[in-house]
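Reviewing the structure listed below.
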Amino acid sequence: MSSNLVIVESPAKARTIEKLLGKDFSVVSSFGHIRDLSKKNLGINIDKGFTPEYEVPAEKQKVVAALKKAVSGSNEVWIASDEDREGEAIAWHLSVVLGLDPEKTKRIVFHEITKEAISNAIMHPRQVDMNLVNAQQARRILDRLVGFEISPVLWKKVQPSLSAGRVQSVAVRLLVEREREIIGFKPESSFRVTASFRTQQSNQETNLDIINAEAGKRFRSEKEALAFLEVCKEAIFQVAGISVKPGTKSPAPPFTTSTLQQEAYRKLGFSVAQTMSVAQRLYEAGKITYMRTDSTNLSKLALSLAHKEIVKEFGEEYSKTRQYKTRTRGAQEAHEAIRPTYPDKHEITGTQQEKRLYDLIWKRTIASQMADAVIEKTTINIDASGSETKFTATGEVIKFDGFLRVYSESTDNENGSEDEKTLIPRVSQGDELWYESVTATEKFTTPPPRYNEASLVRKLEELGIGRPSTYAPTISTIQNRGYVVREDRPGEKREIRIHVLQKGRIKPSAKTEMAGREKAKLFPKDIGMIVNDFLAENFSEIIDYHFTADLEKKFDDIADGKLSWNRMLEEFYSGFHPTVEESLTKREKKTGERILGSHPETGEQVSVKMGRYGPIVQIGEGNGEKKPKYASLLKTQLIETITLEEALHLFSLPRQVGEFRGKEIVAGIGRFGPFVRHDGKFYSLKKGIDDPYTVTTERAIELICEKEESDKQKVISDLGEYKVLNGRYGPYISSGKENYKIPKGTDPASLTSADCERIIEESKSKKKKK
DNA sequence: CAGTGAGCGAGCTTCCGCTTGACTT
């Protein structure tokens, strides 16, 4: 029996440390927090100085039992939870729940998992820091107060099952405000003029000596742009000046949770949840260090391993050891940056996703320890006789690639205006140039970009809101509540006017581009906007962008022993709670109702609002004899932006299309999109091909027959009570509304009723066991 | 699975931050 017990938070960490410590130590894990505020009620006794009511949740009972057993078999217990506010609280909860004497409990911390660091920690144990614990309790209680007092107000005043919180509500606010900026944005057009020039030495056969330049100003109108092209037609072009400037580029720091999520989104197209789950597998396999971190720090060991690897692979001149300072607000730095555990492993075995994410982490880590790239930037100014406007060509030459050999960070620039930095042909001041072409292209200003999951995480981190362990869950929560959706939008076609000057002639042409095309972006929905407005009216303090940052200062004061946590909560609550009471006194429900106008034929009022099952348009006020008429909004429409015309158009569905086999065909739009209905059955319309407003009888019949045909193939055998069917996951038995899997090695076609009954019984008893 | 929007009332929903598994139609 080992006499020393070490408790850490993560089981993967426990396994690693156990190997390092040897047989005198056994290492177990708490799997994070083991206690939390009571779930049944508020869990806080407000009248008694905000005393928390803690309990071990059901899913943690087993862990706690195992920990108790391990403690009883040990002489000495070392609590090695993370060195941050939450970690300190975990240490305290452990000592209380496990009945350890706080005076004697040995609290140790280490930031890297090496024998040296851990032995060092064991030599210097301390006690649990109650000030830090109290800062955590204040944080925990405040979040509970905010979430559990505001959410019920939403249930009463807006809709059931909604939620509000210090973090999620700010995330929604960011999205709503950005959406409104985009809605209110008016694109302006101007003309950008670019030119390609030949030098005297230019080889007519190749394009190697072409100089690509841009005019120094944008032209506000087509007329001005054309006038400039006219000038260019007759102009003499001359190199007015050349400047060559040396410069350097430095690598980005190693990954934190948030930067990993951003880069994996941009370079690999992973959602933030996907990134975290792949990283979790890499971590558990010992391939990378911990993936929930806000630190860019690398351990000494990592620095030396990276150095060795870089020298071996690229040579000494490529190495530059760097320590990065974490600049993120509120960072607690309990862990290292995310890095490969063994930097000499360039590749790993695993799934394609694991390989790609590992590759990204490896490159970023190695690059962060490499030399700056040395570049040379050349700028050439070109005069055009007869005009004040000059052309400028810029080129960049990499003199020494340094870290660029391994990794370059991507940007969020999605307008496709990627500046191609190319080599510039050698020219001298005074050289004459000849245009090959001069092109005036219409450019539209673009609204601020919509957030995607990763850029929202970055913004939250910038505001100091949320933690590495909660970024992905927060993004999921705001989608699960229906506040926002992640989706693609095709955008709208837009004509771009172009004029090209070539060989002394100016020719107009045009191009179409897709404006506002979006991929995997976060769009606020009506309910998100309504809740946001409700919170802004009633709880502006909570969704203020500085709220969390200001709180953090107070938590720091508590941690430093300068402020009592009860007093801090008292102060907050005495201001906050009255706003809750106040919000409940307002009689009306918040529905986001807008009156669009009156019906052109009947004069009845047309309005939009949030109904029980989603946003609806209403004709008539429902106060007279006549019942109002209702129609649901389309998924892409918002209460805030729908027009009277669009609203009225919604009433043209459901529409009678025609008749087939003596029964009528009706077209409409339901929860699962456009459909036609015939004889009580529904048939989906094909996306991008059919339109419920215009679909013909012939097309509808075609769809019905197609479906009947494919349904026939679905049935393997029909045994009356049971049906054997082909499904997405292979053959299965359907009985009433329940489906059952067919065991491997059975021929689905030969099953009898008795066989089916047996299979169903077996799968039912299996379920019970679980 | 694809419509529903009268009103009442019982019972339910909800926060943030630590950690992993259990899911299969």
Side-chain angles (χ1 to χ4, degrees), chain A residues 8-14 29-37 39 41-44 59-60 63 81-82 84-91 93 136 139-156 159-169 276-277 280-281 283-284 290 292 332 334 465-471 473-474 477 481 542 548 591 609-618 622 627-632 654 666-677 680-685 692 727-730 732 734 737-741 763 767 770:
Chain A
V8 296
E9 291 181 38
S10 146
K13 199 168 166 182
S29 134
S30 76
F31 293 81
H33 273 293
I34 53 153
R35 270 211 308 191
D36 192 13
L37 296 174
K39 267 205 179 79
N41 42 42
L42 188 64
I44 302 160
E59 67 270 19
K60 287 286 179 181
V63 175
S81 46
D82 298 342
D84 58 15
R85 205 159 60 202
E86 297 298 326
E88 204 64 20
I90 289 174
H93 283 301
Q136 192 274 348
R139 197 280 305 155
R140 179 67 192 93
I141 292 167
L142 185 137
D143 280 337
R144 172 58 72 88
L145 287 170
V146 169
F148 275 38
E149 291 210 356
I150 299 183
S151 299
V153 178
L154 293 179
W155 306 340
K156 284 203 183 88
Q159 220 171 63
S161 303
L162 296 174
S163 67
R166 176 176 57 80
V167 175
Q168 59 169 287
S169 297
M276 293 314 282
S277 104
Q280 175 86 30
R281 291 204 299 274
Y283 167 66
E284 282 172 13
Y290 196 57
R292 289 187 274 266
Q332 309 209 2
I465 299 170
R467 303 278 313 133
S469 65
T470 58
Y471 294 140
T474 300
T477 299
R481 295 277 171 278
I542 305 300
T548 293
T591 61
K609 66 174 184 187
M610 182 54 77
R612 268 213 305 172
Y613 309 105
I616 44 170
V617 199
Q618 181 178 341
K627 254 185 144 187
K629 282 197 288 182
Y630 298 99
S632 296
V666 176
I669 296 177
R671 261 174 57 192
F672 302 102
F675 64 89
V676 284
R677 190 177 57 203
K681 282 184 196 149
F682 290 87
Y683 304 88
S684 290
L685 293 183
R728 260 206 298 169
Y729 308 98
Y732 67 98
S734 144
K737 280 196 172 178
E738 306 270 331
N739 296 331
Y740 303 90
K741 220 171 153 179
S763 86
K767 245 187 197 167
K770 279 171 189 171

Starting at [atom1] of [X] and ending at [atom2] of [N], how long is that distance when rounded to a whole Å?
X	N	atom1	atom2	answer
A:Tyr613	B:dC1	OH	P	18 Å
A:Lys627	B:dT4	NZ	C1'	11 Å
A:Lys681	B:dC1	NZ	P	13 Å
A:Ile542	B:dC16	CD1	P	11 Å
A:Leu162	B:dC15	CG	C1'	14 Å
A:Leu42	B:dT13	CG	C1'	15 Å

Contacts of type side chain to side chain donor-acceptor pair (under 3.5 Å), residue [X], not counting sequence neighbours:
X	answer
A:Tyr683	none
A:Tyr290	A:Arg292
A:Thr474	none

Q. Using the rule for Phe, Tyr, His and the six-membered ring of Trp, do A:Phe148 and B:dT14 stack at under 5.5 Å and under 30°?
A.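 A stacking contact exists, since A:Phe148 sits close and nearly parallel to the base ring of B:dT14.
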
For [X], answer base if it contacts any base atom (sugar-phosphate contacts may also be present), sugar-phosphate if it contacts only those atoms, and nothing otherwise; contact means non-hydrogen atoms under 4.0 Å.
X	result
A:Gln136	nothing
A:Leu145	nothing
A:Gly614	base
A:Ser684	base
A:Ala89	nothing
A:Thr477	sugar-phosphate

Can you name the residues that form a salt bridge (Lys or Arg N to Asp or Glu O under 4.0 Å) with [X], not counting sequence neighbours?
X	value
A:Lys60	none
A:Asp36	A:Arg140
A:Arg166	A:Asp143
A:Glu86	A:Arg139

(Q) Are A:His33 and A:Gln136 packed together at the side-chain level, in the sense that at least one heavy-atom pair is separated by less than 4.5 angstrom? (A)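 A side-chain contact exists here, since the closest heavy-atom pair is under 4.5 Å.
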
Just the table, please: protein N/O against nucleotides 9-11 of chain B N/O, every pair under 3.5 Å.
none

Q) Between A:Ser169 and A:Ser161, which has a closest nucleotide on DNA chain B that is more 5'? A)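 Counting from the 5' end, the first nearest nucleotide belongs to A:Ser161.
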
Q: State which of B:dG3, B:dT13, B:dT14 makes the closest approach to the side chain of A:Pro160.
A: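 The closest nucleotide is B:dT13.
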
Provide a list of protein-nucleic acid N or O atom pairs under 3.5 angstrom, restricted to nucleotides 17-22 of chain B.
| from | atom 1 | to | atom 2 | distance (Å) |
| --- | --- | --- | --- | --- |
| B:dG17 | OP1 | A:Arg166 | NH2 | 2.9 |
| B:dG17 | OP2 | A:Thr470 | OG1 | 2.9 |
| B:dG17 | O4' | A:Arg139 | NH2 | 3.3 |
| B:dC18 | OP1 | A:Arg467 | NE | 3.4 |
| B:dC18 | OP2 | A:Ser469 | OG | 2.7 |
| B:dC18 | O3' | A:Glu9 | OE1 | 3.3 |
| B:dC18 | O2 | A:His33 | N | 2.6 |
| B:dT19 | OP1 | A:Tyr290 | OH | 2.4 |
| B:dT19 | OP2 | A:Tyr290 | OH | 2.6 |
| B:dT19 | OP2 | A:Arg292 | NE | 2.9 |
| B:dT19 | O5' | A:Tyr290 | OH | 3.3 |
| B:dT19 | O4' | A:Gly32 | N | 3.4 |
| B:dT20 | OP1 | A:Ser10 | OG | 2.5 |
| B:dT20 | OP2 | A:Gln280 | NE2 | 3.2 |
| B:dT20 | OP2 | A:Arg292 | NH2 | 2.8 |

Q: Please identify each residue that fulfils side-chain contact (heavy atoms from CB on, under 4.5 Å) with A:Pro11, with sequence neighbours left out.
A: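 Partners of A:Pro11 by the side-chain contact (heavy atoms from CB on, under 4.5 Å) criterion, ordered by chain and then number, come out as A:Ser29, A:Phe31.
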
Q) Residues two or more places apart in sequence or in another chain: which of them pass side-chain contact (heavy atoms from CB on, under 4.5 Å) with A:Thr477? A)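 Scan of A:Thr477 (side-chain contact (heavy atoms from CB on, under 4.5 Å), adjacent residues dropped) gives A:Gln168, A:Arg481.
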
Q. Does A:Gln618 place a side-chain N or O at less than 4.0 Å from the phosphate oxygens OP1/OP2 of B:dG5?
A.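 It does not, given that no N or O in the side chain of A:Gln618 lies less than 4.0 Å from OP1 or OP2 of B:dG5.
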
Q: Please map the stems of DNA chain B, keeping only stretches of three or more Watson-Crick or G-U wobble pairs with both distances under 3.5 angstrom.
A: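 The stems that DNA chain B takes part in number none, since no run reaches 3 pairs.
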
Q: Report yes or no: does A:Thr470 contribute a side-chain atom to a donor-acceptor pair with the main-chain N or O of A:Gly466 at less than 3.5 Å?
A: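 Such a contact is absent between A:Thr470 side chain and A:Gly466 backbone.
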
Q) Do A:Ser632 side-chain atoms and A:Ile616 backbone N/O form a donor-acceptor pair below 3.5 Å? A)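 No: the side chain of A:Ser632 does not pair with the backbone of A:Ile616.
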
